[in-house]
Amino acid sequence: MSYTALYRKWRPTAFGEVRGQDHIVTTLKNQILSGRIGHAYLFCGTRGTGKTSIAKIFARAVNCQNPQDGSPCNQCPSCKSIMDGSSMNVVEIDAASNNGVENIREIREQVQYPPTDGKYRVYIIDEVHMLSIGAFNALLKTLEEPPSYVIFILATTEVHKIPITILSRCQRYDFKRISLETIAGRLKELIQAEEIEVEDKALLYIAKAADGSMRDALSLLDQCAAFHYGKPLTYDKVLDVLGAVDTAVFSKMFRAVIQGRTRDCIKELEELVIQGRELGQFVTDFIWYMRNLLLTQSAEDAEGLLDMSEENLRQLKEDAELTDGSTLMRYIRIFSDLSSQIRFAAQKRVLVEVAFIKLTKPSMEANLDSVLQRLTELEDQMASGAAAFAPAGAAASFPGSGETEGAVSSSQGTGAAPGQTLAENGVGDSVYTPPEKVSLPSAQIEDLNLIRGQWGKIVREMGMSIRPSFRDTVVEPSGDSCLCIVFSNAANYAIGSRPSVLGDLERYIENTYGKKLYLKSRLSGAGERLDTIYVSEDELKDKIHMDITIED
């Protein structure tokens, strides 16, 4: 005997076997029990949600000689003839291949004759949106005033393509995507009946990969069970068969994206390709992973929405804390665009690599959410203080232009010590000139370190028209309770040195840190070094182990 695919073998034969469409099943059963049966029905929804199955059950139920609670008995001659396809009362039409006017005219001729046995002639037209305009017009009159013994059931996955004149003459039923729990529960029933040993984690992944389609879930289970016939079906084996990726890989790649490690993302992707993973499935699963991260950030009770182990949930929460919602939505947008492109692409790997480059380098995109991410990164750097750009112990400057970054990068690239600069000696070689060290009383060094450490945050609180004026500024000591802001640009100095601006800064520092400081400003001279290292007197004494004299 030939093998029957699981989705055909376990197709529902009664309303009680249908899963995930209770709102439709209850309505149809009540119509049969009360005798209030309509003449035209429109079943719409995504693939594999039960449209054709319920249509066939309904066709048998209205003709059943011994209905049971609105469901067909499947034992009477009428039910048996419909099930084996020999009944003349139920006609199934595939509109994808029978979409012409002449096909509908044949139906119009057939409906003139009442059924020879049973009560109703039922016409099930699948993928009805494929009918031509002429065919829809030919169907219109018959659909509006059919004989009392005729029922039309129209099924479609694209209801927006149905003319409004057809929609208005049908009872519309929207089939929902079947939930993950419902699909997994149904699969568990079937593997027990089929005596297939499958891990619960593997079943959950198959149910998730089906994306709300019971038929797809059964097909995937059939595929995995056939590949590992006679052996227990584990989670890892399912991943191998479907070309999918383990959740731990998503966490690893997401962290590389957040940290801007483009090279690591590309290497990890190359490893997946070598393992034979299917890139289209990887893109879909990575979107789901980022969706779960967004839910973890946004929903108060995310645990109730996410069906996963405690270990995976803990990992998800840790990853969710690494970024904000707007950045996650940008990531999801890029990969959602990718999922629609990769389906028909010849070079899938290239598209995925470009997407990761976009994620790790927001500067490559000019749209709003990329700009917002770059601004957020810059604000985080400023909030962490000047240490993000300046060497430890060197003068704190407000980051903003490429000059500060360039100076630090060149120093690090040549192996210079923190705070040192490069100068040419007599023979043209570069020599290091260490910065000057100056000792300060404890009170002054305390005030200086406080303001330098918070300088990025302080400047960020200034008005948007004032903030740019403090780019590349340096805070220096200028006596007891007094600090001097040194500007490197004359135009910025003209704005930032105004008494009103300095007064606003003084008030902010007093209100926020409880320090009453006086601020001065000056413009740096040409070639002036601003990398002086200030230390406390006690620290200097400890290092040189001798008494020192502080000159005025």
Side-chain angles (χ1 to χ4, degrees), residues 362-363 366 368 370-391 393-412 419-423 433 435-436 438 447-479 481-513 515 517-534:
S363 57
L368 181 59
S370 299
V371 174
L372 288 175
Q373 182 181 347
R374 291 155 63 188
L375 286 174
T376 301
E377 293 174 355
L378 182 60
E379 288 179 345
D380 290 341
Q381 292 170 351
M382 293 189 299
S384 63
F389 287 90
S397 64
F398 175 66
S401 71
E403 297 173 7
T404 306
E405 289 186 75
V408 176
S409 299
S410 62
S411 174
Q412 293 172 341
Q420 292 178 323
T421 59
L422 293 174
T433 305
E436 182 184 2
V438 175
D447 292 340
L448 179 65
N449 289 339
L450 170 65
I451 301 306
R452 279 188 169 182
Q454 299 294 319
W455 189 236
K457 179 182 177 182
I458 293 170
V459 172
R460 201 164 39 147
E461 295 297 324
M462 301 295 294
M464 288 299 294
S465 59
I466 302 298
R467 284 171 55 177
S469 302
F470 286 86
R471 297 177 65 168
D472 301 319
T473 53
V474 175
V475 180
E476 289 186 341
S478 187
S481 300
C482 183
L483 297 174
C484 181
I485 304 171
V486 184
F487 292 81
S488 59
N489 180 278
N492 291 342
Y493 173 68
I495 298 175
S497 62
R498 290 183 297 187
S500 59
V501 175
L502 296 177
D504 289 341
L505 280 171
E506 291 172 354
R507 283 187 290 274
Y508 176 82
I509 292 172
E510 182 177 4
N511 294 334
T512 305
Y513 305 105
K515 290 280 188 178
L517 300 176
Y518 175 64
L519 298 181
K520 300 192 301 185
S521 62
R522 69 178 181 86
L523 184 63
S524 63
E528 179 182 357
R529 289 184 57 171
L530 299 175
D531 59 349
T532 303
I533 298 177
Y534 296 98

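Residues take their numbers from the sequence shown, with the count starting at 1.
With rounding to the nearest 0.5 Å, the separation of NZ in Lys520 from CG in Leu502 is 11.5 Å. Considering CZ of Arg522 and SG of Cys484, their distance stands at 5.5 Å, rounded to 0.5 Å. For the atom pair OH of Tyr508 and NZ of Lys457, the computed distance is 5.0 Å after rounding to the nearest 0.5 Å.
In terms of heavy-atom proximity, Arg452 sits nearest to Val474 at NH2-CG1, 4.4 Å. Of all non-hydrogen atoms in Leu517 and Glu506, the two that sit nearest each other are O-CG, 3.5 Å. Between Leu483 and Asp447, the closest heavy-atom pair is CD1-O, 4.3 Å. Of all the heavy atoms in Ser524 and Ser488, the pair that sits closest is OG-CA, 3.5 Å.
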Please list every donor-acceptor pair under 3.5 Å in which a side-chain atom of residues 490-501 meets a protein atom from a residue at least two apart or in another chain.
residue: Ser497; atom: OG; partner: Tyr493; partner atom: O; Å: 2.5
residue: Arg498; atom: NE; partner: Ile495; partner atom: O; Å: 3.2

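Below 30°, between 30° and 60°, or above 60°: for Phe487 and Phe470 the angle between ring planes is between 30° and 60°, a tilted geometry.
By the side chain to side chain contact (heavy atoms under 4.5 Å, CB included) test, Glu510 is found to be paired with Lys516, residues two or more places apart in sequence or in another chain being considered.
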**Request:** Output, in order, the C-alpha distance, side-chain angles, deciding distance and verdict of side-chain contact (heavy atoms from CB on, under 4.5 Å) for Trp455 and Ile458.
**Result:** CA-CA 5 Å; Trp455 189 236; Ile458 293 170; 4.2 Å; yes
